[in-house]
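Below, read A as the first sequence line, B as the second, and so on, with proteins coming before strands; counting in each chain starts at 1.
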Protein chains: 2
Amino acid sequence: MSTRPEAGPDLGQAPDPGPVRTPGPGPAPVSLAQRKRQLVATELTEAALQLLALRGFDAVTVDEIATTAGVSKRTFFRYFASKEDVVVQFLAGMGADMRTDLAARPAGERPSEALLHAVSVPLTICGDHADRALPVVRLILRTPALLARFLEHQARWREDLTQELAARLGRDARADLYPRLAAGMALAAFDAVLHRWSEGEEAGGSADPGALIGEAFAVLAPALDSVTP
Amino acid sequence: MSTRPEAGPDLGQAPDPGPVRTPGPGPAPVSLAQRKRQLVATELTEAALQLLALRGFDAVTVDEIATTAGVSKRTFFRYFASKEDVVVQFLAGMGADMRTDLAARPAGERPSEALLHAVSVPLTICGDHADRALPVVRLILRTPALLARFLEHQARWREDLTQELAARLGRDARADLYPRLAAGMALAAFDAVLHRWSEGEEAGGSADPGALIGEAFAVLAPALDSVTP
DNA sequence: CCATGCTTGACACTCAGTGACACAAGCGGC
DNA sequence: GCCGCTTGTGTCACTGAGTGTCAAGCATGG
């Protein structure tokens with residue numbers, strides 16, 4: 001792969017069913033075609049997560065994943081933009097609505113409050129499905145190639161949060177350091193929590209990420225709100 | 001490529017001359033072989049930066065870069081672990097001594113002060129060589145593949161800063177959120193400054209990064225020092 | 001002069017990722 | 001019922017990154 005100027009997989013291009021969600025039933029798609037797509041997608045992620053967790057990222061080829069899922073290599077790339085994406089989209093999908101969530105917060109709310117809520121969304125989801133999410137998070141954090149991709153996604157989140165914050169506060173995202181700085185701080189907290197969660201008690205993940213993020217924001221809050229007292 | 005468990009290029013494996021520095025003469029290596037190595041390395045980075053800045057990351061092949069520099073593709077990969085690394089190492093090399101710098105700060109210093117100095121090092125270097133550094137930074141920030149690699153490097157910095165901070169404060173980097181959180185905040189400031197610097201006045205880069213980072217840390221300081229008053 | 005070690009180029013190979021084309025459903029109109 | 005149309009898929013061929021191997025080339029030290 002490489003830069004992917006504006007490419008990406010041809011995932012349901014009509015009423016975009018959103019990032020492929022893996023196992024959870026959730027709001028099932030309606031059309032037959034959509035359900036078929038969904039089926040193949042989950043089959044692929046399932047196969048990928050199992051194989052990769054078992055043998056490591058490098059020891060598994062895309063061909064293997066595809067064949068295990070019962071499709072061709074070519075079809076794999078019609079669902080995911082890269083080998084890394086099968087794993088990362090699992091996490092990244094959860095963060096996609098951060099911006100929406102931030103935009104939905106009441107206008108007068110302090111930045112620290114609003115950001116805390118936005119960032120909490122994916123973390124509480126993780127916490128609620130720890131059995132599925134924890135192995136994935138661990139795999140990502142300890143595989144350089146996956147980490148790089150994940151951070152790339154995160155950079156997009158940061159961009160989104162920056163824009164949204166700038167809009168909320170009536171500031172210029174270019175000329176003013178604060179919006180990007182605040183977004184970065186929120187994501188730093190996110191990362192710290194993710195690390196702590198994945199490392200704590202190498203057995204079954206320790207404290208609830210929802211609680212940890214609150215702890216982190218207690219430290220951040222004074223700085224986050226210092227610009228709008 | 002992919003995960004690179006512990007691989008990397010066979011860069012001077014004897015008394016490792018450190019990351020290949022590009023043009024600056026600096027403390028020239030002594031041995032003849034070392035100087036030859038250095039020469040090839042700078043030739044490669046020079047060729048790469050020129051071609052990539054001109055035609056974009058995807059439109060240039062490693063073969064081209066190598067041939068332009070007068071060596072073979074195989075030799076390219078003996079100097080750089082990946083196509084991205086030619087560009088990124090330029091920046092990443094500067095950040096490598098962050099940890100050393102942090103460790104060298106007086107023990108009693110407030111975390112915000114110590115971190116500010118550590119993070120300032122690469123930024124002031126950038127500011128001092130803006131004519132060379134700015135195009136590279138812009139290229140990295142707007143090329144997803146390069147950004148991903150750069151963030152991967154930064155993750156290593158964060159790890160280093162985390163360890164060092166934990167040591168300084170006598171805390172446990174695993175159980176305690178604060179060290180990683182503080183390191184993340186410092187790097188968030190770093191990123192914000194880098195963005196601001198690269199975007200400000202699309203002409204020639206605006207305010208001095210050294211000044212910008214001070215501005216950012218003015219916001220961060222209360223949070224950074226809140227744990228050790 | 002010869003042995004040793006380091007660097008390089010040439011070659012072959014794996015694997016990620018893409019483009020092109022042909023083929024098989026599912027579906028609406030007539 | 002048949003005809004198009006769209007959509008998803010497999011096959012094939014191809015580019016380009018990255019690696020292993022081997023056989024020179026060229027410095028050094030004895």
Side-chain angles (χ1 to χ4, degrees), chain A residues 1-15 17 20 29-41 43-44 48 52 57-67 69-87 144-146 148-149, chain B residues 1-17 29-41 43-44 48 51-52 56-67 69-87 144-146 148-149:
Chain A
M1 80 101 214
S2 301
T3 305
R4 287 164 297 128
E6 62 237 308
D10 347 347
L11 261 176
Q13 60 263 60
V20 185
V30 272
S31 132
L32 173 77
Q34 279 178 330
R35 262 176 307 171
K36 265 166 72 179
R37 257 199 103 64
Q38 192 61 49
L39 194 77
V40 177
E43 205 66 33
L44 278 171
L52 295 180
F57 186 78
D58 294 317
V60 180
T61 72
V62 172
D63 242 325
E64 264 179 296
I65 299 174
T67 315
V71 297
S72 72
K73 185 183 91 170
R74 194 65 187 82
T75 294
F76 175 96
F77 285 108
R78 283 194 256 252
Y79 281 79
F80 300 98
S82 72
K83 185 181 170 187
E84 291 90 345
D85 263 39
V86 209
V87 186
L146 290 175
R149 287 292 190 144
Chain B
M1 79 101 215
S2 296
T3 302
R4 290 163 297 128
E6 63 239 305
D10 347 349
L11 258 177
Q13 58 263 61
D16 188 342
V30 271
S31 135
L32 174 76
Q34 280 178 330
R35 263 178 306 171
K36 268 167 68 178
R37 255 197 106 63
Q38 192 62 48
L39 193 77
V40 177
E43 205 65 32
L44 278 171
L51 288 176
L52 295 180
F57 187 77
D58 293 318
V60 180
T61 72
V62 172
D63 244 324
E64 264 179 297
I65 299 174
T67 315
V71 297
S72 71
K73 184 183 93 172
R74 195 63 187 84
T75 293
F76 175 96
F77 285 108
R78 284 194 255 253
Y79 282 79
F80 300 99
S82 70
K83 184 182 171 187
E84 291 90 345
D85 263 39
V86 212
V87 186
L146 290 176
R149 287 291 190 148

- Item | Selected nucleotide, minimal atom distance to B:Thr61 side chain, candidates D:dT9, C:dG9, D:dG16 | D:dG16

- Query: The side chain of A:Lys83 lies closest to which of these nucleotides: C:dG9, C:dG17, D:dG10?
  - Reply: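 The answer is C:dG17.
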
- What about B:Lys73, does its side chain sit under 3.5 Å from the base of D:dG18 through a donor-acceptor pair?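 Between D:dG18 and B:Lys73, which were checked side chain against base, a qualifying N/O pair under 3.5 Å is present.
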
- Is any N or O donor-acceptor pair between the side chain of B:Arg78 and the base of C:dG9 shorter than 3.5 Å?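 In this structure, the two groups form a donor-acceptor pair.
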
- Of all the heavy-atom pairs spanning B:Phe57 and B:Ala145, show the shortest one and how long it is.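 The pair with the smallest heavy-atom distance is CE2-CB, 4.1 Å.
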
- Query: Between A:Arg78 and A:Arg37, which heavy-atom pair has the shortest distance, and what is it?
  - Reply: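 Result for this residue pair: O-NH2, 3.6 Å.
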
- Look at the side chain of B:Lys73 and the backbone N and O of B:Ile65, then say whether any donor-acceptor pair between them is shorter than 3.5 Å. no

- Task: Check for a donor-acceptor pair, side chain of A:Thr75 on one end and backbone N or O of A:Val71 on the other, with a separation under 3.5 Å.
- Result: no

- Task: Could you walk me through whether A:Leu39 and A:Lys36 pass side-chain contact (heavy atoms from CB on, under 4.5 Å), step by step?
- Result: CA-CA 5 Å; A:Leu39 194 77; A:Lys36 265 166 72 179; 5.5 Å; no

Roughly how many Å is it from [atom1] in [X] to [atom2] in [N], rounded to a whole number?
| X | N | atom1 | atom2 | value |
| --- | --- | --- | --- | --- |
| B:Arg74 | C:dC13 | CZ | P | 16 Å |
| A:Phe77 | D:dT15 | CZ | P | 18 Å |
| A:Glu43 | D:dG8 | CD | C1' | 16 Å |
| B:Gln34 | D:dT28 | CD | C1' | 15 Å |
| B:Asp63 | C:dA10 | CG | P | 11 Å |
| B:Glu84 | D:dG16 | CD | P | 15 Å |
| A:Tyr79 | D:dT7 | OH | P | 14 Å |
| B:Phe76 | C:dG9 | CZ | P | 13 Å |

- Message: Between B:Asp63 and B:Phe76, does the side-chain contact (heavy atoms from CB on, under 4.5 Å) criterion hold? Intermediate values first, please.
- Response: CA-CA 8 Å; B:Asp63 244 324; B:Phe76 175 96; over 6 Å; no

- The side chain to side chain contact (heavy atoms under 4.5 Å, CB included) partner of B:Leu52 among B:Val87, B:Leu146, B:Val86 is B:Val87

- Query: For the helix from C:dC1-D:dG30 to C:dC30-D:dG1, what angle lies between the axis at the first five pairs and the axis at the last five pairs, to 10 degrees?
  - Reply: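 Taking five pairs per end, the axes differ by 0°.
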
